[in-house]
Amino acid sequence: MSHSSTSPNLQEVKQYLLSLQDQICASLESFEPDMRFKEDAWDRENGGGGRTRVIAGGKVIEKGGVNFSHVMGDKLPPSATVDRPELAGGRFEAMGVSLVIHPNNPFAPTSHANVRLFVVYKDGMEPVWWFGGGFDLTPYYGFEEDCIHWHQVSRDAVEPFGEGYYSRFKKWCDEYFHLKHRGEPRGIGGLFFDDFNEGSFEDCFAMMQSVGNSYTKAYTPILERRKDLPFTEQQRDFQLHRRGRYVEFNLVFDRGTHFGLQSGLGRTESILMSLPPEVRWTYEYQIKPGSDEAKLTDYYLTSRDWL
């Protein structure tokens, strides 16, 4: 290696992220033999750019987006320095892949994944870098085996890099993807880490790659099992109401969304591609106690140990 283990090799990370985007898109396209992701390449004057890929109206995937972005700026937005006030005012560079998949079938869960690298340059300081990312699952109707599989893959992705990483990142995921105003989790969790720079750059990058590469292992078997199950109009209605929670989280709490919108460097269309095409809010929407729908919040959406 020509560079020291502490200096970030941005080119290597960028090449990995672009290939990860390709790999995930190819894996998801296998569910839609007649469709391909539509790609928009975009760039900002002096502010980087990205590749947004969206698939919509498929037999299996109602809407999905897999985005790569690489943006830079002269001044960190407030959402990025909440936990690191000493970096305020620094120049920054951020790159990552982020994706959300909303299937048609109410029995197939929505999934989200993200891996990213952030580097801040400030006069008189070495470059400060950190990785972030993870993946999480939002079922509408729960299945034990799906939850267990998802969490087994989560554990296998990070545990080789540090003992206790899985339980730490799982807890972080449960706490982060929590709708405070509703007092409930967004889904059954998975992994979430941010500001991660424990050990050398190479070690941290290797863990980020393991998380990125594990997403399709975690998700595609579940999608395969659930995509063709018969469902009723009432089950579809429940799915659309639950998707409302997803939208609420992304707009009100999600740091990535806030960063993209506050920095002015993100592309609004790409940031909001995570939102489902159809969603429902009904005033004082109620579900029957003891029903399959009630079981989602009563049993599945609790911070349980799936392993």
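Below, each value reflects all heavy atoms present in this structure, side chains not excepted, and no hydrogens, waters or symmetry copies. The chain is numbered in sequence order, starting from 1.
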Hey, are Glu93 and Arg116 close enough for a salt bridge, meaning a charged N less than 4.0 Å from a carboxylate O? no
Does any non-hydrogen side-chain atom of Asn9 lie less than 4.5 Å from one of Glu202? no
Write out all pairs satisfying salt bridge (Lys or Arg N to Asp or Glu O under 4.0 Å) with one or both partners inside residues 206-224, taking only residues at least two apart or from two chains. Glu224-Lys227
Salt-bridged, Lys288 to Glu293, with N to O below 4.0 Å? no
Partner set under side chain to side chain donor-acceptor pair (under 3.5 Å) for Thr302, not counting sequence neighbours: Arg304
Check whether the side chains of Asp40 and Thr52 place a donor and an acceptor atom closer than 3.5 Å, and report yes or no. no
Could you check Phe193 against Trp172 for ring pair (Phe, Tyr, Trp, His ring centres under 6.0 Å), going step by step and ending with a plain yes or no? CA-CA 7 Å; Phe193 61 95; Trp172 202 343; 7.5 Å; no
Sequence neighbours excluded, the answer for ring-ring contact (aromatic ring centres under 6.0 Å, His included) partners of His241 is Tyr285
Do Asn250 and Arg186 have side-chain N/O donor and acceptor atoms under 3.5 Å apart? yes
From the options Gln234, Glu233, Gln239, select the one residue that forms a side-chain hydrogen bond (donor to acceptor under 3.5 Å, both in side chains) with Arg236. Gln239
Looking at Arg226 and Glu145, is there a salt bridge between them, counting it only when a charged N and a carboxylate O are closer than 4.0 Å? yes
I'd like to know if the side chain of Arg245 and the backbone of Leu179 have a donor-acceptor N/O pair within less than 3.5 Å. no
The test is side chain to side chain contact (heavy atoms under 4.5 Å, CB included); show your working for Leu117 and Leu17 and say whether it passes. CA-CA 10 Å; Leu117 166 66; Leu17 290 169; 5.8 Å; no
Tightest non-hydrogen contact, residues Gly64 and Ile101, listed as CA-CD1, 3.8 Å
Could you tell me whether Glu86 and Lys122 have a side-chain N and a carboxylate O separated by less than 4.0 Å? no
Residues forming a ring-ring contact (aromatic ring centres under 6.0 Å, His included) with Tyr176, sequence neighbours excluded: Phe192, Phe249
Partners of Arg155 by side chain to side chain contact (heavy atoms under 4.5 Å, CB included), sequence neighbours excluded? Gln152, Glu159, Tyr166, Leu307
Would you say Tyr219 and Pro109 make side-chain contact, with heavy atoms under 4.5 Å? yes
Without hydrogens or angle criteria, can the side chains of Ser200 and Asp203 be said to hold a donor-acceptor pair below 3.5 Å? yes
Assign the ring pair Tyr300 / Trp306 to parallel, tilted or perpendicular, where the plane angle (0 to 90°) is split at 30° and 60°. parallel
Just checking, any donor-acceptor pair under 3.5 angstrom between side chains of Thr216 and Gln23? yes
Without hydrogens or angle criteria, can the side chains of Lys170 and His151 be said to hold a donor-acceptor pair below 3.5 Å? no
All side chain to side chain contact (heavy atoms under 4.5 Å, CB included) counterparts of Ala113, not counting sequence neighbours: Leu99, Phe135, Tyr215
CA sep, side-chain torsions, deciding dist, call: Tyr299, Glu144, side-chain hydrogen bond (donor to acceptor under 3.5 Å, both in side chains): CA-CA 10 Å; Tyr299 178 75; Glu144 288 273 333; 2.3 Å; yes
Salt bridge present between Arg243 and Glu278 (N-O < 4.0 angstrom): no
Mind checking what makes salt bridge (charged side-chain N to carboxylate O under 4.0 Å, His left out) contact with Asp237, not counting sequence neighbours? Arg280
Applying a strict under-4.5 Å side-chain criterion to I, L, V, M, F, W and Y, I'd like to know whether Phe253 and Met273 cluster together. no
Could you report the tightest heavy-atom contact between Ser27 and Phe31, atom names first, then the distance? O-CD1, 3.8 Å
Can a salt bridge be assigned to the pair Arg53 and Asp22 using a cut-off of 4.0 Å between side-chain N and carboxylate O? yes
Evaluate the ring planes of His112 and Phe177, with Trp represented by its six-membered ring, and classify them as parallel (under 30°), tilted (30 to 60°) or perpendicular (over 60°). perpendicular
Keeping the roles fixed (side chain from Glu29, backbone from Asp34), state whether a donor-acceptor pair exists under 3.5 Å. no
State whether a side-chain donor-acceptor pair under 3.5 Å links Trp130 with Asp195. yes
What's the verdict on side chain to side chain contact (heavy atoms under 4.5 Å, CB included) for Phe68 and Ser98, showing C-alpha distance, side-chain angles and the deciding distance? CA-CA 7 Å; Phe68 164 80; Ser98 125; over 6 Å; no
Give a yes or no on whether the ring-centroid distance for Phe131 and Phe118 is below 6.0 angstrom. no
With sequence neighbours left out, the residues meeting ring-ring contact (aromatic ring centres under 6.0 Å, His included) with Trp281 are none
Does Pro289 have any side chain to side chain contact (heavy atoms under 4.5 Å, CB included) partners at least two apart in sequence or in another chain, and if so, which? none
Using the test side chain to side chain contact (heavy atoms under 4.5 Å, CB included), find all partners of Asn105 that sit at least two apart in sequence or belong to another chain. Phe107, Ala108, Leu229, Phe231
Could you tell me which residues satisfy ring-ring contact (aromatic ring centres under 6.0 Å, His included) with Tyr165, sequence neighbours excluded, listed by chain and number? Phe169, Phe196
Over all atoms of both residues, closest heavy-atom pair of Val66 and Cys25: CB-SG, 3.8 Å
Taking ILVMFWY side chains as joined if any heavy atoms are under 4.5 angstrom apart, and letting links pass through other members, which residues group with Val100? Tyr246
